[in-house]
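Within every chain, numbering begins at 1; the chains are lettered A, B, ... in the order of the sequence lines, protein sequences first and strands thereafter.
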Amino acid sequence: MYYPPRSKDWLAHKLLLFSSRSAAAVSASVLVLAIAVVTLESLPAIRDIGLWRMLSDESWHPSSDSFGLAPMLLGTVLVTVLAIVIAAPLAVVSAVFRQFYAPRALGGIYRRLIELLAGIPSVVFGLWGLTVLVPLISRIEPPGASLLAASLVLALMILPTIELISATALADVPHHHYLAARALGLSREQAVWKVVMPSAVSGICAGTILGVARAAGETMAVMMVAGNVVQFPDSVFAPVRTLSANIALEVAYAVDLHRASLFASGLIMIIMTLFAFCCAEAIAHSRKSYRVGRA
Amino acid sequence: MSVALDDRPTNASGHGRLLVLALTWLAPAIVAAAFLWLIGDVVLRGIGGVDWNFIVDVPRNAGRAGGIAPIIVSTFLVILVCVAVAVPLSLFAALFLAEFSRASVPMSRIIRLSLNCLAAVPSIVFGIFGNALFCVALGMGYSILSGGLTLACMVLPILIRTMENAIRAVPEDYRLGAAALGLSKSQVIIRVILPLSIPGLLVGLLLGVGRALAETAALVFTSGYVDRMPSSLLDSGRTLSIHILDLSMNVAGGDKNAYASVLVLGVLILVINSGIAALLFFSKRRSGLTS
């Protein structure tokens with residue numbers, strides 16, 4: 001549009017354009033800033049300790065120059081995998097239930113319930129896990145604060161994410177696919193799992209990966225129930241410490257190399273989540289190409 | 001489902017189908033049971049500790065007794081700082097994405113990608129980032145200001161996304177109609193588009209506040225632990241979620257007040273969620289706009 005130069009409108013337009021452009025630029029650079037700051041802070045650790053020693057050192061005793069992150073890495077992976085194994089089937093079947101089985105009113109209530117679950121702060125899950133789940137588990141096998149407790153709490157936390165995205169993926173499959181399958185004489189179960197599910201599976205995978213990313217990054221709830229002993233766990237009842245919990249427990253008093261190594265583990269977490277994010281994006285895009293041929 | 005077909009099990013696969021059917025009802029039942037168990041515990045354990053004194057009293061004996069007045073004040077201050085920084089920034093960024101650039105332009109794709117990545121960064125990473133930048137490098141120390149700024153970085157993606165959607169939800173007709181009446185683009189934005197998208201913008205704001213209320217990991221190392229009444233934004237202030245964390249982890253016998261604080265936090269979050277639901281409901285009904 002043409003504005004007479006120096007008119008009131010011209011000024012307003014320039015101002016609006018300038019402020020929205022700079023706001024967008026500032027917002028976009030927050031990510032760069034965050035990565036830069038964390039990288040800068042972890043440089044001493046990367047330079048003086050090196051990535052290899054962080055993985056291969058026997059143990060984690062920063063005060064006596066031993067910086068092995070391996071137990072924490074394994075802890076994060078185990079807690080995450082176990083949480084996904086518990087949450088994903090429940091979430092996917094819940095989504096199927098909501099889309100194809102539940103009576104309208106019940107489905108609405110269930111959706112509301114899932115959304116409420118998604119809104120519960122992580123510290124509340126942690127408190128509940130600590131005061132309810134941990135004593136229960138310690139009755140089976142002490143000490144209770146364990147890999148299992150962390151995974152159960154985490155499973156409950158990521159379940160809504162996976163459920164909501166799976167339900168959206170299922171709803172995205174055109175309903176006439178389901179109707180056509182039923183008209184051909186397939187049962188409801190066959191229509192859902194053999195016809196609708198294959199089209200929705202990439203969306204569900206994307207949702208699950210986002211769940212994984214959230215689980216791997218979750219800190220407070222896990223820290224409260226996992227026991228936080230630095231060790232390679234020998235059973236699900238053994239206490240573990242995750243990377244994120246390690247940061248949260250020690251960053252308040254850490255100095256020098258110790259602090260730098262904590263920032264380095266933060267950097268590892270950034271890389272892990274960005275990797276998961278890229279995977280989810282790639283899968284979500286492959287879904288689009290898959291659907292080109294659909295009616 | 002709208003189709004009523006015969007769902008009785010047939011022939012050999014009957015038992016298998018019954019099993020699938022049972023599992024399909026079992027999974028949501030498990031989820032619902034876990035949810036009710038959690039909520040029930042929170043309400044039952046917390047309800048006894050919440051009364052007027054709990055809201056207006058200061059914490060005593062490391063939080064085992066007394067109330068949470070300074071903690072509520074700190075929580076609101078942190079959120080205020082976060083909102084004051086994040087909302088103008090997000091509003092203009094959303095305006096840029098929705099009105100001043102096409103989705104296919106490299107610049108706007110880069111911004112979108114960067115924001116999506118930012119949304120995936122774990123909150124503890126925001127915590128140490130805020131600690132290194134705001135508390136140490138910029139010399140703000142453990143303070144409400146550091147905490148609020150860290151939170152602002154964290155809620156940016158969700159704020160921008162919802163605000164952009166809200167602005168885009170204004171029908172193209174309104175833009176064309178306003179332009180046909182001779183309004184310039186800036187006038188169209190200020191007088192037509194922004195007023196019409198206010199409900200959607202408010203939804204974004206409330207979502208951000210909800211995220212901020214629930215956050216712990218990003219605040220522990222930025223706004224700090226101090227449970228006194230803050231006298232300025234440069235004082236350390238303990239938010240509700242950090243209070244809950246501290247009571248349950250570091251204070252033996254703090255569970256009762258931890259649950260009471262959870263109940264207060266839960267009520268705040270419920271109020272915000274209901275606000276969002278009401279805004280969505282009314283904005284849909286009034287103008288046919290959705291966000």
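Only the side chain of A:Phe277 has a heavy atom closer than 4.5 Å to any heavy atom of chain B. Looking at A:Leu16, the atoms closer than 4.5 Å to chain B (heavy atoms on both sides) sit in the backbone and in the side chain alike. Using a 4.5 Å cut-off between heavy atoms, A:Ile114 contacts chain B through its side chain alone, with no backbone atom that close. In this structure, the portion of A:Leu274 lying under 4.5 Å from any heavy atom of chain B is its side chain and not its backbone. Both the backbone and the side chain of A:Val30 come within contact range of chain B, judged by heavy atoms closer than 4.5 Å. In this structure, no portion of A:Ala213 lies under 4.5 Å from any heavy atom of chain B. Contacts between A:Arg259 and chain B at a heavy-atom distance below 4.5 Å involve the side chain alone, from C-beta outward.
Interface check for chain B: of the options A:Ser94, A:Ala91, A:Ser265, the most heavy-atom pairs under 4.5 Å are formed by A:Ser94. Counting heavy-atom pairs under 4.5 Å between each of A:Thr273, A:Leu113, A:Val38 and chain B puts A:Leu113 at the top. Annotation: maximal heavy-atom pairing with chain B below 4.5 Å, among A:Pro103, A:Ser29, A:Gly266, A:Ser19, occurs at A:Ser19. Counting heavy-atom pairs closer than 4.5 Å to chain B, the top-ranked of the candidates A:Leu17, A:Ile35, A:Val92, A:Leu15 is A:Leu17. For the options B:Ile189, B:Leu38, B:Val121, heavy-atom pairs under 4.5 Å to chain A are most numerous at B:Leu38. Counting heavy-atom pairs under 4.5 Å between each of A:Ala252, A:Ser244, A:Ala280 and chain B puts A:Ala252 at the top. When A:Met224, A:Met269, A:Met272, A:Arg98 are compared by the number of non-hydrogen pairs under 4.5 Å with chain B, A:Met224 comes out ahead.
B:Thr75 contributes atom OG1, which lies 8.0 Å from atom CG of B:Leu268 (distance to the nearest 0.5 angstrom). With values rounded to the nearest 0.5 angstrom, A:Asn246 atom CG is found 3.5 Å from A:Met72 atom CE. Between the CD atom in B:Glu215 and the OG atom in A:Ser122 there is a gap of 6.5 Å [rounded to 0.5 Å].
Aromatic pair B:Trp25/A:Phe97: ring centres closer than 6.0 Å.
In this structure, A:Arg21 places its CZ atom where only 12 or fewer heavy-atom neighbours from other residues, nucleotides or ligands lie under 6.0 Å away.
Two residues are said to be in side-chain contact when any heavy atoms from C-beta on lie closer than 4.5 Å; A:Ile120 and A:Leu116 fail this criterion. In this structure the side chain of A:Ile247 never reaches within 4.5 angstrom of the side chain of A:Thr219, judged on heavy atoms.
Classification of the A:Phe100-A:Tyr178 ring pair by plane angle, with boundaries at 30° and 60°, yields tilted.
A:Glu163 and A:Tyr110 share no donor-acceptor pair across their side chains, judged by distance under 3.5 Å alone.
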